[in-house]
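Counting from 1, the numbers follow the sequence of the chain as shown.
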Amino acid sequence: MDTSGDSGLVGLDGRIAGCRACPRLVAWREEVARTKRAAFADWTYWGRPVPGFGPSDARLLIVGLAPAAHGGNRTGRMFTGDRSGDVLYEALYDVGLASQPTSVTPDDGLELYGVRVTAPVHCAPPANKPTPVERDTCRPWLVQELNLLRPTLAAVVVLGAFGWQAALPAFAEAGWKVPRPRPSFAHGAHVPLDGLDLFGCFHVSQRNTFTGRLTPAMLREVLRTAAGAAGLPTASYGERALP
């Protein structure tokens with residue numbers, strides 16, 4: 001893939017949105033965009049790779065897995081228009097890191113305060129399961145995003161074991177010293193990486209949130225801890241921090 005060209009996150013986001021490096025993912029995301037879900041029959045799906053979302057001077061990065069077929073693949077914004085996004089952005093709002101608790105469309109006015117959201121795989125995969133080859137093919141985008149965020153980035157929350165396994169090599173390629181053997185994923189895991197605090201959190205998937213494996217309180221606690229490590233102001237539940 002070509003990661004050259006315009007500098008900065010805006011240029012990177014544009015290049016990501018034009019990527020066609022993984023034939024299986026290209027075919028799937030475009031098929032979903034054509035056939036749609038009945039509830040979204042009047043939508044024009046994005047149907048392309050979904051770039052990260054949030055300010056270029058973010059101090060906290062949240063790394064997920066991949067866009068949802070009828071979420072980010074439909075709306076064009078990470079964790080937007082699906083149940084996982086509902087959980088994540090409500091928690092960010094609860095701790096004072098987002099301007100509103102919902103993320104429905106790219107023009108809904110949502111702002112993130114010092115936080116950026118991205119994924120190690122930028123295309124919606126069949127059954128929410130990218131292959132190892134697809135994960136590795138997409139890694140250069142995450143490496144470049146980390147390099148661009150490096151001047152301000154102080155903490156990272158990785159959602160789920162897949163994201164953890166995908167992110168650690170990217171941090172190493174971007175110049176952070178990753179311990180060997182590589183630390184295992186766990187909810188609440190904390191790994192210092194040369195001035196960057198890395199935190200693990202169960203993914204905000206429906207399987208985890210519906211079964212109670214990940215509760216809103218658990219998610220808020222990880223986000224609040226990571227925001228503190230990043231030097232971002234937070235709020236107690238029910239009290240919003242100012243941007």
Side-chain angles (χ1 to χ4, degrees), residues 7-13 16 51-65 78-79 88-99 103 110-120 122 139-180 182-204 218-237 239-243:
S7 62
L9 278 173
V10 173
L12 176 66
D13 291 347
I16 288 173
F53 168 59
S56 60
D57 60 351
R59 297 188 59 80
L60 172 61
L61 182 67
I62 298 173
V63 179
L65 190 163
M78 282 288 176
F79 284 106
L88 176 61
Y89 288 117
E90 183 174 13
L92 286 168
Y93 175 73
D94 286 342
V95 300
L97 297 175
S99 63
S103 182
L110 174 64
E111 294 182 56
L112 301 183
Y113 304 141
V115 179
R116 185 170 171 88
V117 181
T118 193
H122 286 276
R139 183 181 300 146
W141 296 125
L142 180 56
V143 172
Q144 189 169 356
E145 189 170 15
L146 289 171
N147 282 327
L148 290 168
L149 291 169
R150 187 164 191 146
T152 57
L153 191 63
V156 179
V157 172
V158 181
L159 302 174
F162 181 95
W164 187 268
Q165 293 163 1
L168 288 177
F171 288 119
E173 288 185 30
W176 279 280
K177 186 176 180 181
V178 176
R180 286 196 174 275
R182 286 176 179 164
S184 300
F185 171 78
H187 180 82
H190 175 210
V191 180
L193 302 177
D194 296 332
L196 181 72
D197 286 292
L198 179 65
F199 297 90
C201 179
F202 289 141
H203 196 279
V204 290
M218 291 166 63
L219 178 57
R220 288 196 301 267
E221 182 59 28
V222 172
L223 292 174
R224 188 176 290 110
T225 300
L232 294 172
T234 59
S236 299
Y237 183 55
E239 297 178 353
R240 312 292 173 229
L242 295 175

**Q** Examine distances only and state if a side-chain atom of Arg150 and a backbone atom of Ala174 form a donor-acceptor pair shorter than 3.5 Å.
**A**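 Yes; at least one donor-acceptor contact below 3.5 Å.
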
**Q** Search all heavy atoms of Leu153 against all heavy atoms of Arg59 and return the closest pair with its distance.
**A**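 Closest approach of Leu153 to Arg59, heavy atoms only: CD1-O, 3.7 Å.
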
**Q** Does Leu223 form a side chain to side chain contact (heavy atoms under 4.5 Å, CB included) with Ile62? I'd like the steps, not just the answer.
**A** CA-CA 9 Å; Leu223 292 174; Ile62 298 173; 3.9 Å; yes

**Q** Hey, could you give me the CG/SG distance between Leu219 and Cys201, rounded to the nearest 0.5 Å?
**A**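 Between Leu219 CG and Cys201 SG, I get 5.0 Å after rounding to 0.5 Å.
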
**Q** Look up atom CG in Leu146 and atom CG in Leu196, then write down how far apart they are to the nearest 0.5 Å.
**A**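 Output value for this atom pair is 8.0 Å.
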
**Q** Provide the closest heavy-atom pair for Pro233 versus Leu97 in the form atom of the first, atom of the second, distance.
**A**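 Closest approach of Pro233 to Leu97, heavy atoms only: O-CD2, 3.8 Å.
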
**Q** Considering the options Leu168, Asp194, Leu198, which one meets the side chain to side chain contact (heavy atoms under 4.5 Å, CB included) requirement together with Trp176?
**A**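 Running side chain to side chain contact (heavy atoms under 4.5 Å, CB included) over Leu168, Asp194, Leu198 with Trp176 returns exactly one hit, Asp194.
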
**Q** Would you compute the distance between atom CG of Asp57 and atom CG of Leu148 and round it to the nearest 0.5 angstrom?
**A**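 Answer for the CG-CG pair, Asp57 versus Leu148, is 12.5 Å.
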
**Q** Where is the tightest heavy-atom contact between Ala58 and Val115, given as atom of each residue plus distance?
**A**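 Ala58 and Val115 have their closest heavy atoms at CB-C, 3.9 Å.
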
**Q** If every non-hydrogen atom of Ala155 is compared with every non-hydrogen atom of Ala226, which pair is closest and at what distance?
**A**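 Nearest heavy atoms, Ala155 then Ala226: CB-O, 3.5 Å.
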
**Q** Roughly how far, to the nearest 0.5 Å, is CG of Leu92 from OH of Tyr113?
**A**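 Interatomic distance, Tyr113 OH to Leu92 CG, rounded to 0.5 Å: 11.5 Å.
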
**Q** So, taking the atom named CZ in Arg182 and the one named CH2 in Trp164, what distance separates them when rounded to the nearest 0.5 Å?
**A**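 Rounded to the nearest 0.5 Å, the CZ-CH2 separation comes to 12.0 Å.
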
**Q** Nearest 0.5 angstrom please: Met78 CE to Leu88 CG, how far?
**A**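 Answer rounded to 0.5 Å: 11.5 Å.
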
**Q** With side chain to side chain contact (heavy atoms under 4.5 Å, CB included) as the criterion, how do Tyr89 and Leu112 come out once you've worked through the C-alpha distance, each side chain's angles and the decisive distance to 0.1 Å?
**A** CA-CA 9 Å; Tyr89 288 117; Leu112 301 183; 3.9 Å; yes

**Q** Compare every heavy atom of Leu159 with every heavy atom of His203, then report the nearest pair and how far apart it is.
**A**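 What the structure gives for the nearest pair is CD2-O, 3.4 Å.
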
**Q** How are the rings of His187 and Phe202 set relative to one another: parallel (under 30°), tilted (30 to 60°) or perpendicular (over 60°)?
**A**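 His187 and Phe202: parallel rings.
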
**Q** Test side chain to side chain contact (heavy atoms under 4.5 Å, CB included) on Thr225 and Val157 and set out the steps.
**A** CA-CA 10 Å; Thr225 300; Val157 172; over 6 Å; no

**Q** Specify the closest pair of heavy atoms between Pro120 and Val63, including all atoms of both residues, with the distance to one decimal.
**A**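 Closest heavy-atom pair between Pro120 and Val63: CD-CG1, 3.7 Å.
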
